[in-house]
Visitor: 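Provided herewith is a single structure, encoded as structure tokens, for subsequent inquiry.
Numbers for residues simply follow the sequence, beginning at 1.
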Amino acid sequence: MKPRKEILPDVCDLLDDDHKAVRKMFLEFRQMATANTAGSVNTRKDLAMRICAELTMHATVEEEILYPALRKEFRQTLLLAEAQVEHAGARDLIAQIRSANEVNEMFDAKVMVLGENVDHHVKQERIDIFPKARATSLDLVAMRKQVTQRKEELRAALATPA
């Protein structure tokens with residue numbers, strides 16, 4: 001009997017884990033914003049700042065490591081250009097959320113729209129980008145290690161708890 005080849009988690013798995021974690025935070029935020037209890041204002045702001053930090057790190061590693069590698073492998077790079085435009089839109093909303101003076105309806109709306117935009121981006125990555133990445137000759141397992149290391153550097157720079 002031939003031993004079964006072990007499939008190691010790759011960079012796409014790591015990034016998808018980020019997607020799942022942030023989605024959970026967005027759902028938690030939506031529940032708090034909808035309930036709008038007196039004690040939830042500070043908690044919502046803290047959660048929104050954590051979401052912003054996680055998304056900033058995630059977009060940075062994609063743009064610094066994954067997308068440049070994929071550009072060299074993909075014949076058609078429009079998907080990557082779209083993803084970067086989506087990142088730019090997210091960064092704009094993140095800047096607005098971070099600079100907000102108060103937690104109000106507009107603050108909540110910006111966080112929720114950011115979540116909706118991220119949902120669209122995640123679907124695009126899961127359906128189009130990740131399968132195409134896995135069809136390349138890139139060592140996505142090694143890239144996972146590189147992305148993990150870069151995220152640790154970014155986390156330290158942002159002083160964001162894991």
Visitor: Check whether any side-chain heavy atom of Thr77 sits under 4.5 Å from a side-chain heavy atom of Tyr67, and report yes or no.
Guide: no
Visitor: Going by heavy atoms in the side chains, are Gln124 and Glu86 under 4.5 Å from each other?
Guide: yes
Visitor: Within a strict 4.5 Å, meaning less than it, do heavy atoms of the Phe26 and Val111 side chains meet?
Guide: yes
Visitor: Under a 4.5 Å cut-off applied to non-hydrogen side-chain atoms, are Glu82 and Leu78 in contact?
Guide: yes
Visitor: Please identify which of these residues, His58, His87, Gln84, meets the side-chain hydrogen bond (donor to acceptor under 3.5 Å, both in side chains) condition with Glu63.
Guide: His87
Visitor: Can any side-chain N or O of Glu102 pair as donor or acceptor with the backbone N or O of Asn104 at less than 3.5 Å?
Guide: no
Visitor: Taking all non-hydrogen atoms of both residues, which atom of Val141 and which atom of Pro9 are closest, and how far apart?
Guide: CG2-O, 3.8 Å
Visitor: Check whether any side-chain N or O of Lys45 sits under 3.5 Å from a backbone N or O of Ala100 as a donor-acceptor pair, and report yes or no.
Guide: yes
Visitor: Assess the residue pair Asp13 and Arg144 against the criterion (salt bridge (Lys or Arg N to Asp or Glu O under 4.0 Å)); give the C-alpha distance rounded to whole Å, side-chain angles, the decisive distance to 0.1 Å, and a yes or no.
Guide: CA-CA 8 Å; Asp13 295 316; Arg144 176 189 174 104; 5.1 Å; no
Visitor: Which residues satisfy the side-chain contact (heavy atoms from CB on, under 4.5 Å) test with Pro68, sequence neighbours excluded?
Guide: none
Visitor: Ion pair present between Glu54 and Arg155, side-chain N to carboxylate O less than 4.0 angstrom?
Guide: yes
Visitor: Assess whether side chain to side chain donor-acceptor pair (under 3.5 Å) is satisfied between His19 and Glu125, documenting all intermediate values.
Guide: CA-CA 10 Å; His19 296 155; Glu125 285 189 338; 2.8 Å; yes
Visitor: Following the transitive rule for hydrophobic clusters with a side-chain heavy-atom cut-off under 4.5 Å over Ile, Leu, Val, Met, Phe, Trp and Tyr, establish whether Val122 and Val113 coincide in one cluster.
Guide: yes
Visitor: Are side-chain heavy atoms of Arg91 and Thr60 found at a separation under 4.5 Å?
Guide: yes
Visitor: Would you call the rings of Phe107 and Phe29 parallel, tilted or perpendicular if under 30° counts as parallel and over 60° as perpendicular?
Guide: tilted
Visitor: Does CE in Met49 sit with more than 12 non-hydrogen atoms of other residues, nucleotides or ligands closer than 6.0 Å?
Guide: yes
Visitor: Can you tell whether the side chains of Arg30 and Asp108 come within less than 4.0 Å, N to carboxylate O?
Guide: no
Visitor: Minimum heavy-atom separation for Cys52 and Ile94, please, with both atom names.
Guide: CB-CG2, 3.7 Å
Visitor: Answer yes or no: does atom CZ of Arg126 have more than 12 heavy-atom neighbours from other residues, nucleotides or ligands under 6.0 Å?
Guide: yes
Visitor: Which value, rounded to the nearest 0.5 Å, describes the distance between Asp139 atom CG and Leu8 atom CG?
Guide: 9.5 Å
Visitor: Taking it one step at a time, do Val61 and Leu15 satisfy side-chain contact (heavy atoms from CB on, under 4.5 Å)?
Guide: CA-CA 9 Å; Val61 297; Leu15 295 171; 4.1 Å; yes
